[in-house]
Amino acid sequence: MPHSTSLITLLCLAFVLAFGFGLLAQRLRMSPLAGYLLAGVVVGPFMPALVGDQTLAPQLAEVGVILLMFGVGLHFSLQDLLQVRTVAIPGALLRILLMTALGWGVGRLSGWTDSNGLVFGLALSVASTVVLLRTLEEHRLLDSRVGQVTVGWVVVEDIAMVLALLLLPPLAAGGHAASLAGLWLRLGETVLKLAVFLAFMLVVGRRVMPWILARVAGTGSRELFTLCVLATAMGVAFAAAELFGVSFALGAFFAGMLLNESEFSHKAANDSLPLRDAFAVLFFVSVGMLFDPAILLRQPLQVALTVFLIVVVKGALSWWGLRMLGERDEDARLAAATLAQIGEFSFIVMGLALSLHLLQPEVRDLVLAGALLSIVLNPLLVAILLRQVRKRREQACLEVPPLPPDLRDHIIVIGYGRVGRDLLRLLRERHVPVVLIEEDIERVHAARAAGFPAIRGNAVLPQVLASARPELAKLAILAIPRALESGETIAHLRALNPAITVLARAHSEGEVKYLLAHGADAAVLAERELAYSLADMVLATPPYRPARTPPHATS
C-alpha cells in the first residue's frame, strides 16, 4: 500500500545535509548556521538536485521557533522583562519606524510603488528571533545585560508586527474610509485580545502551569514530565494564536517565562533542549529553501544594498538608539550586532503582502537574499566584536590583588559559581592557601568581600593564569562548567608547571574523557559523585552498616 513520504523525505534530507554542511562550516571556522542555510539551498526548488516539500518546511520551522522561544522564557523572568522595558520598547519601535521610512525612500529612488517600499522597509526592520537566540547561546550572552535587552527588544518587535500585519489589508484596499474604519476596529480588537491574553497568563497561567508541572514531576515519570513541558509550550502557543491573535512564538515565550517561577524550570529547559535544537535547524534549512542563488547574478548591486541596509544601517540605528537610551557603548555595540539581521517575521510580512498584491516578487527575492546573507554574516560580526571586547577587557581589567610574597603550595580555584563558592569555603576551613580566578566582576567583588584573594580575568589567557603563580602551586581545580575552556586552561597550566595536579568538573562521560585526554589528573562527574554520596549515606545507616569483623575471623 503506497504512503506519502514527503514529510519523511524532507526530514531526512534536512537533517543529513544540515549535519554535513554544518560540520564543514565548523571545520572552516564558520558558524554552523551557514552550513544549515546551504543545506536548504541544495534542497530548495532552485537547484537541480534533491527537492524538499516547500510547504512543510516552514511549518516544521515554526515548531522550532515555538520551542526556542519557550526555552528562552524558561530563563527569562517577568522581572527581567520589566527591567529592560524602558530600553526595549522605545528602541524597537523607533527602529521599526526609521527602517520602514528608509525602505520607502529606497523604493522611491528605485522606482517602486509606495506599497513595495513600505513593505520592503518593514521586512528589514525586524530581527530574527532564532538567529538572535542561537548567537546569544553560542557566546553565553543570554543571561547578560546584552541578552536581556535584545530578548526584550525582539518580544516588542513581535507584538508590533502582530499589529502591523493588520495595516496591510487596508493599505491594499487603497485607504478608503470604510477600510480605515475597519482597520481601527481590528486594531482595537487585537489590542484587547492581547491585553486579555497577558492578563490571563499573569493571573491564571502563573498559578496553574507551575502547579501542573509540579504535580507531573511528582509522578516520577520522566516521559510524562517531558510530554507535559512540550504540551505546555505547544498548547499555549496554539491557544495564543487561535484565541487571542498573538503569534505562536510570543505565546510560547510567555508560557516559558511563567514556568520560570517553578522549581522545575531547569529540568524543563534541559528536557526540551534536544527538540529545540533539532527544529531550530529546520528553520535555517527552510530559509535556505526560499533562496534563489540566481539573484546574485541578476541583481548584484541591489542585493549588496539590501545587505548593507540590514547589517550596517540597521546595526547603526540600533547602536544609536541604545546609546540614546543610556546603554553602555560596549553593550550597545554587541546588542546592535546581534540585531543586525532579519528572519521569520520578515517572511510572514512578505507572504501576506504578496497575497494582497502589495509586493512584487522581485522585491521579495531581494529581501530573501538579504535575509540569508545577513544570517551568514551576523555570527561572524558578533564574534569579531566579542574578540575586540575581550581584548580590551584583558588589557584594561586584569586585576591582580597583592598576594603574599611567600605564597607556595597553594591551590588555584578557577570559577566562583555555586561549586567554586562551596569549595573555597571548605578549603579555608581547613586552612588551605587558595587563589581564585574569575572573569565576572560581580563574583570577583563577592569573593574579595568574603576574604578570598581573587584575580579578575579569563583563565584561558596565559597572562591571567600566570598571575596566580601556577609554577609554585600544588593543585589547580577547574570549577567552571565549560569543558572546552577547561581543556585549553589545562594545557596552559601544564606548560607553566608540568608537575601540578589538575582536577576538573564535567557534566557527561564525554566531557570526562575529553578533560582526561587534555591533561587533567581527574575529572569529577556530578551525577556519579552524587550516587557515591547517596550510597555512603545508605551504608552508614544501622540496617545496612557492615557488621564489625570478630577478632578471631580471618579475611
Side-chain angles (χ1 to χ4, degrees), residues 75 137-144 265-267 269-271 273-274 390 409-430 432-444 446-448 450 452-462 464-470 473-537:
H75 295 94
E137 289 175 344
E138 181 180 349
H139 296 289
R140 301 192 297 273
L141 293 172
L142 194 56
D143 295 324
S144 68
S265 61
H266 291 293
K267 178 174 171 54
N270 290 333
D271 284 4
L273 182 61
R390 285 168 183 160
D409 294 336
H410 56 288
I411 294 179
I412 300 173
V413 177
I414 300 171
Y416 195 65
R418 287 177 296 178
V419 175
R421 280 196 300 271
D422 289 342
L423 176 62
L424 283 167
R425 178 179 53 81
L426 292 170
L427 292 175
R428 181 167 58 183
E429 289 174 358
R430 289 157 177 78
V432 176
V434 295
V435 175
L436 170 69
I437 299 177
E438 169 61 57
E439 61 180 330
D440 185 89
I441 185 61
E442 300 298 330
R443 291 181 177 179
V444 169
R448 290 176 180 171
F452 298 109
I455 297 171
R456 183 187 177 188
N458 192 322
V460 170
L461 304 168
V464 175
L465 202 56
S467 302
R469 302 182 191 171
K474 195 77 172 176
L475 189 73
I477 303 176
L478 290 93
I480 54 176
R482 301 182 293 273
L484 293 177
E485 191 172 306
S486 296
E488 293 183 49
T489 305
I490 293 168
H492 294 318
L493 278 168
R494 290 295 183 203
L496 294 167
N497 183 356
I500 193 171
T501 300
V502 181
L503 308 179
R505 171 185 175 188
H507 283 283
S508 67
E509 293 287 352
E511 288 188 2
V512 170
K513 293 177 181 178
Y514 173 85
L515 292 167
L516 294 177
H518 281 73
D521 293 287
V524 178
L525 183 60
E527 289 79 4
R528 183 188 297 156
E529 295 305 316
L530 176 61
Y532 290 157
S533 297
L534 291 172
D536 288 342
M537 291 179 184

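As the structure is a prediction and not an experimental result, all values here were calculated from the model.
- Looking at residues two or more places apart in sequence or on another chain, you find a side chain to side chain contact (heavy atoms under 4.5 Å, CB included) between Ala459 and Ile414, Ile437, Leu465, Thr489.
- Judged as a side chain to side chain donor-acceptor pair (under 3.5 Å), and not counting sequence neighbours, Arg443 has no contacts.
- When the ring pair (Phe, Tyr, Trp, His ring centres under 6.0 Å) test is applied to His518, the partners found at least two apart in sequence or on another chain are Tyr514.
- With sequence neighbours left out, Asp521 forms a side chain to side chain donor-acceptor pair (under 3.5 Å) with Arg494.
- Shown here for Leu516 and Ala520, the closest heavy-atom pair between the two residues is CD2-O, 3.5 Å.
- Summarising the geometry of Leu493 relative to Pro470, their closest heavy-atom pair is CD2-CB, 4.0 Å, with the distance given to 0.1 Å.
- In terms of heavy-atom proximity, Val435 sits nearest to Ala468 at CG1-CB, 3.9 Å.
- Arg456 contributes no side-chain N or O that, together with a main-chain N or O of Val444, makes up a donor-acceptor pair within less than 3.5 Å.
- The CG atom of Leu436 sits 8.5 Å away from the CZ atom of Phe452 when rounded to the nearest 0.5 Å.
- Using a 4.5 Å cut-off on side-chain heavy atoms (C-beta onward), Val464 and Asn458 make no contact.
- Separating the CD atom in Glu439 from the CG atom in Leu461 is a distance of 8.5 Å, to the nearest 0.5 Å.
- The side-chain heavy atoms of Arg505 and Ile480, taken from C-beta on, include no pair separated by under 4.5 Å.
- Among residues two or more places apart in sequence or in another chain, the salt bridge (charged side-chain N to carboxylate O under 4.0 Å, His left out) test is passed with Glu485 by Arg140, Arg482.
- Residues Gly415 and Ala479 share a closest heavy-atom pair of O-CB, 4.1 Å.
- We find the CG-OG distance between Leu478 and Ser486 to be 4.5 Å, quoted to the nearest 0.5 Å.
- Taken to the nearest 0.5 Å, the CG atom of Leu475 stands 10.0 Å off from the NE2 atom of His410.
- Nearest approach of Leu515 to Ala506, heavy atoms of both residues: CD1-CB, 4.0 Å.
- Considering all non-hydrogen atoms of both residues, Tyr416 and Ala450 come closest at OH-CB, 4.0 Å.
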message = I'd like to know whether Leu423 forms a side-chain contact (heavy atoms from CB on, under 4.5 Å) with Val413, so could you lay out the CA-CA distance, the side-chain angles of the two residues, the decisive distance to 0.1 Å, and finally the verdict.
response = CA-CA 8 Å; Leu423 176 62; Val413 177; 4.1 Å; yes
query = Please walk me through it: do Ile412 and Ile477 pass side-chain contact (heavy atoms from CB on, under 4.5 Å)?
reply = CA-CA 6 Å; Ile412 300 173; Ile477 303 176; over 6 Å; no
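- Residues satisfying the side chain to side chain donor-acceptor pair (under 3.5 Å) test with Arg425, not counting sequence neighbours, are Glu429.
- Here the side chain of Asp409 pairs no donor or acceptor atom with the backbone of Lys474 at under 3.5 angstrom.
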